[in-house]
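See structure below.
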There are 2 protein chains.
Amino acid sequence: MQALTFIKSNKWEIIMRDSNRPSLEDVAALAGVSTASISRCINSPQKVAEPTRQRIQNAIETLGYVPHFGGRALARNRTNTIGAIIPTMDNAMFASGLQAFQETLSAAGVTLLVGSSNYDPDQEFDAIRSLLSQGADGLLLIGAARPEKTQAFLTQHAVPHVLAWCCPKTGHSPSVGFDNQKSGHDIAAHVLAHGHRKLAVICGLREGNDRATARVVGIKQAIASQSDAQLLGLEECKYSFEEAGAAFAQLLTGPEKASAVICGSDVLAVGALLQARKMGLRVPEDISITGFDDISLAQVTTPSLTTVRVPQHSMGRKAAEVLLALLNQEPGQNLRHELMTTIIDRGTLARI
Amino acid sequence: MQALTFIKSNKWEIIMRDSNRPSLEDVAALAGVSTASISRCINSPQKVAEPTRQRIQNAIETLGYVPHFGGRALARNRTNTIGAIIPTMDNAMFASGLQAFQETLSAAGVTLLVGSSNYDPDQEFDAIRSLLSQGADGLLLIGAARPEKTQAFLTQHAVPHVLAWCCPKTGHSPSVGFDNQKSGHDIAAHVLAHGHRKLAVICGLREGNDRATARVVGIKQAIASQSDAQLLGLEECKYSFEEAGAAFAQLLTGPEKASAVICGSDVLAVGALLQARKMGLRVPEDISITGFDDISLAQVTTPSLTTVRVPQHSMGRKAAEVLLALLNQEPGQNLRHELMTTIIDRGTLARI
DNA sequence: CTGAAAGCGCTAACAA
DNA sequence: TTGTTAGCGCTTTCAG
C-alpha cells in the first residue's frame, strides 16, 4: 500500500509505509494543526478548543489513527502495562484471581502482561526480567519468599510491585493476601475440634513456596497445641491428582492409620479423595479429608470438600488497585492488606 | 540518585536520571565504544569482535543495563509481544490452553498480553484495540464469529492473528482448533448409539458464540438423522453451575422426559449433574448427562463425566507456533490446523 | 569490525 | 489556545 505522507523536507511524496500506518504527522497535516495539538487532544482533550478538537477527531477517525506504542513509551517513559507472574494458569488456583486482576487493570486502561514460574524461582526471575524488559510499569508477584538474587534485582531496579496470596509481616513490599499460617492453623484446629487426633498432611512442594510452607507450619502448630493429637505423616508432592493420590496411599502405609488427612490445596484433597475411593475407603466415614482454596472442584466432588475459602476475586481486584495507586504515586495508601479466609464446611470432614 | 552521563555536547556532566537507569550511551561510554556496537553486541553478537564483545558485556553487567523497551519498539517497530483475548480465565476451559500458549511464546522470547471479552463482542473489540495500542505484534482470538466492525478493523490494520477453538472453512484467518459441529455431532451420535431416543440439550448463550452454536448444530444434525429420535428441549444459559442447574430443572418440566441431556460444556454438565442429584435423580440410571471440553472437573464428579476431550494444550502450543511463524514471515506454513477431539467414556452415559 | 548520524513517533517545555 | 522544537533510547544504514 502507498500513503500520502508529509516529509520533513516539507514536500509531499508518495512513499511506502509499514502497512500504511498513519502517524501523528499525518493526522496533523490532514487536520491542519501541529502534532502537539493532536497529542494534547488525545492525552488531555480539555486543553484544546472545541472546534479544533472536532477537526482533529475527524482526522483521527478518517485515518484510523492509533498512537504508536513505542513512540509513546519512549516519550513518556511509561507503558501503562503491568506484569503478573504466577506459578501457573493451569489450575484454577490462580486463574480467577488473575481474571479479577486483569479486569480491574483493564478498567483503568492498563494492560496485563503474563508470565509463569512453574513454582521455580529461576523461572520466576527470568519472567521478572522478561516482563520488565517488555516495559512493565509494575509487577504482581505470588508469595513473599524469593532468592536473594531476585530480591536484589527488585530493589536495585526499584520495581514497583505487590505481593499476593500472602501477607508478610516483614519486608517492605506492599501485599494483598491472607495469613497462610493462620489459615493452616484454623483448618487443623477445625479438624481437631471434630474429634480427630491422628492426623496426616499432604502438601505441595515446599521449597521456594512460602504459602505451602506456612500452611504446614500452621497445621503443625495447631496439632502441637493439642496434647493428645499427633501428626502421623506428611507427604509433599506436586499439585496433581495423581501425585496426591500416591501421597495419600503412601500415608496409609504405616501401622497407625490417620483418621483425617489435611491437604494444602483442593487439588491435593481431590486427588486424595479419588484415591481413597479407589482403595475402597469411604469419605468421611473411614477417613476425613480437607482441602484449601475452595476452587470450583471442591463443590462438585461426592461428598463435596470441606475446605478453606481463599478470597481470590477480591484479592485480585485489591492487588490491582494497590498497584495502580502505587504507580500513580497516590499517597496515604495502606500497603498491606490482609484478607480473611473462611472455613467452608461441606461433606468430607466427619465428627468422631 | 545521580549518574555520570555522556551528553551530546561531548562533555561529561552529572545529571539527574530517572531512577538511575543506564542507557546505551552510558554503556558505550564505559566500554569506550560507540552505541552502535553495543546495539550490535546485543542483537547480533557475531557481528562484533570477541575482545570488544567482552568489554561490552562487562560494561553491561556492571551497569546492570537493560534495553529500554520504548526505544527499542520505536526503532524496530516491533514489540515482541503477542496478545490473547479469551472470554475468561475464570473457568478452566481456556486457562490451560492459554498456559500452553504462554509457555511456547515465552520459550521464543515473546511476551503475552492478556485481555478478556466475557463472551461480549463489544468487549472483545475494545480488548483488540487495547492490546494493539499496547503494541501487540499479533493476536490470538477465540472462535471465528465476530461483528463486521471487528472484522473490518482486523483487516484494515492488517493484524496478524490466529483463531483458536475453531477451524472455519471460510475466511482467510489462520486457525488452530477443532470442528465444533462435528464434535457435537459425534457426541450426540454416541448418545444415540447408546440407545437414547428422547434427548435434551443445554448449551451456552449462542449469540456471538460460534463454538456453542456449531456444537448445537452438530447435535441437532445427529438427532435428525436418526428417525425415531427427538429433541425434547433445548436450554441456553451462562456457563455456571447454578444456571445450568436451573436449565436442567426447566428441561424436566415438560410432559415427556428426556433420557439423556447433552451439554455444550463440562461446566453445564456438572451443573446439571448437581441439580439431578438435588432432584433425587440418579445419573446415569434415571438420566444420562454428557459434557464437553474435558476439563478437570469432569473426572472428579461421581459418577465422572462422559465428555468430549478438547486438546487444549496442543491447541495452545500450536497456535503460538503458527502465530510466531506468521510474524517471522516464515513461508509455506499450513495456516489451518484441525485437531481431533475424542469422546471420553466415563460414567454418566447409560446404555438403554 | 567499528563509528557517525539519521531517524522511529510521540510528548512536553517553552514561546507566541 | 496553539505551534516549535528538543529530546526520549535504540537501530541501522552508510562510511571508514
Side-chain angles (χ1 to χ4, degrees), chain A residues 3 5-10 15-29 31-56 60 63 65-80 133-135, chain B residues 3 5-10 13 15-29 31-56 60 63 65-80 132-135:
Chain A
T5 309
F6 196 50
I7 301 296
K8 303 270 165 195
S9 60
N10 242 8
I15 62 155
M16 199 67 164
R17 282 297 232 64
D18 69 289
S19 50
N20 205 8
R21 192 191 226 271
S23 80
L24 254 200
E25 227 159 320
D26 298 317
V27 184
V33 297
S34 74
T35 59
S37 289
I38 316 283
S39 177
R40 279 188 209 105
C41 182
I42 292 174
N43 299 301
S44 31
Q46 73 284 4
K47 287 188 173 177
V48 98
E50 185 52 24
T52 345
R53 218 184 54 67
Q54 280 303 339
R55 254 180 323 142
I56 295 181
I60 288 183
L63 254 38
Y65 171 74
V66 182
H68 186 280
F69 182 63
R72 186 181 276 216
L74 183 54
R76 302 186 157 158
N77 197 31
R78 171 161 185 178
T79 58
N80 260 294
S133 79
Q134 290 299 338
Chain B
T5 309
F6 195 52
I7 301 297
K8 304 268 167 196
S9 59
N10 243 12
E13 287 187 25
I15 62 154
M16 198 66 165
R17 285 297 233 60
D18 69 289
S19 51
N20 207 10
R21 192 191 225 272
S23 79
L24 254 200
E25 230 158 318
D26 298 315
V27 184
V33 296
S34 75
T35 58
S37 290
I38 317 282
S39 177
R40 279 188 209 104
C41 180
I42 293 175
N43 299 302
S44 31
Q46 73 285 5
K47 288 189 175 177
V48 100
E50 185 52 25
T52 344
R53 219 183 55 67
Q54 281 301 341
R55 256 181 320 140
I56 295 181
I60 288 183
L63 254 38
Y65 170 74
V66 181
H68 186 281
F69 182 64
R72 186 178 270 215
L74 184 52
R76 304 183 155 162
N77 196 31
R78 172 160 185 181
T79 58
N80 260 294
L132 250 26
S133 80
Q134 291 299 330

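Letters A, B, ... are given to chains in the order of the sequence lines, protein chains preceding strands, and every chain is numbered from 1.
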*Round to a whole Å and report the spacing from CD of B/Glu25 to C1' of D/dC8.*
11 Å
*Which heavy-atom pair separates A/Asn77 from B/His68 by the least distance, and what is that distance?*
OD1-NE2, 2.9 Å
*Quick one: B/Asn80 CG to D/dC10 P, roughly how many Å, whole number?*
16 Å
*Partner residues of B/Ala31 under the side chain to side chain contact (heavy atoms under 4.5 Å, CB included) criterion, sequence neighbours left out*: B/Val33, B/Ile56, B/Ala59
*Determine the minimum heavy-atom distance between B/Gly70 and A/Ala73, stating which atoms define it.*
CA-CB, 3.8 Å
Name every donor-acceptor pair, under 3.5 Å, that has one atom in a side chain of residues 41-50 of chain A and the other anywhere in the protein, sequence neighbours excluded.
| from | atom 1 | to | atom 2 | distance (Å) |
| --- | --- | --- | --- | --- |
| A/Asn43 | OD1 | A/Arg76 | NH2 | 2.8 |
| A/Asn43 | ND2 | A/Ser39 | O | 2.9 |
| A/Asn43 | ND2 | A/Ser39 | OG | 3.4 |
| A/Glu50 | OE1 | A/Arg53 | NE | 3.1 |
| A/Glu50 | OE2 | A/Arg53 | NH2 | 3.3 |
| A/Glu50 | OE2 | A/Gln54 | NE2 | 3.2 |

*Side-chain N or O of A/Ser34 less than 4.0 angstrom from OP1 or OP2 on D/dG3?*
yes
_B/Leu132 CG to C/dG9 C1', straight-line distance once rounded to whole Å_ = 16 Å
*If we only count heavy atoms from C-beta on, is the B/Phe69 to B/Pro67 side-chain gap below 4.5 Å?*
no
*Gap between atoms CG and C1', on B/Leu63 and D/dG9 respectively (whole Å)*: 14 Å
*Roughly how far apart are A/Thr79 OG1 and A/Gln134 CD, rounded to 0.5 Å?*
10.0 Å
*Where the side chain of A/Tyr65 is defined as all heavy atoms beyond and including C-beta, which of D/dG3, C/dA4, C/dC10 is the nearest nucleotide?*
C/dC10
_Whichever of B/Val48 and A/Ile38 has its nearest DNA chain C nucleotide further upstream toward 5'_ = B/Val48
*Starting from C1' on D/dC10, measure out to CG on B/Asn77 and report it in whole angstrom.*
13 Å
*Candidate nucleotides D/dG3, D/dC10, C/dC10, ranked by approach to the side chain of B/Leu24 - the nearest*: D/dC10
*Given B/Ile38, which of B/Thr52, B/Val27, B/Asp26 fulfils the side-chain contact (heavy atoms from CB on, under 4.5 Å) condition?*
B/Val27
*Separation of atom CZ in A/Arg78 from atom P in D/dG9, rounded to whole Å*: 17 Å
*May I ask you to verify if any side-chain N or O of B/Thr35 is less than 4.0 angstrom from the OP1 or OP2 atom of D/dG9?*
no
*Identify, with sequence neighbours excluded, every residue that meets side chain to side chain contact (heavy atoms under 4.5 Å, CB included) alongside A/Ser34.*
A/Ala36, A/Ser37
*Using atom CZ of A/Arg76 as one end and atom P of C/dA12 as the other, report the distance to the nearest whole Å.*
7 Å
_Tell me whether the side-chain N/O atoms of A/Ser37 come closer than 4.0 Å to OP1 or OP2 in D/dG3._
yes
_N/O (side chain, B/Ser23) to phosphate O (OP1/OP2, D/dG9) under 4.0 Å_ = no
*asked:* So, taking the atom named CG in A/Leu24 and the one named CD1 in A/Ile60, what distance separates them when rounded to the nearest 0.5 Å?
replied: 8.0 Å
Give me, pair by pair, the N or O atoms of the protein and of nucleotides 13-16 of chain C that are less than 3.5 Å apart, along with how far apart they are.
none

_Measuring to OP1 and OP2 of C/dT11, would you say a side-chain N or O of A/Asn43 lies under 4.0 angstrom away?_
yes
_Taking the axis from the first five pairs and the axis from the last five, what angle separates them in the helix from C/dC1-D/dG16 to C/dA16-D/dT1, rounded to 10 degrees?_
30°
*Find the distance A/Arg21:CZ to C/dC10:C1' and express it as a whole number of Å.*
11 Å
*Which residues in residues 68-75 of chain B have at least one heavy atom lying under 4.0 Å from any atom of DNA chain C?*
B/Leu74, B/Ala75
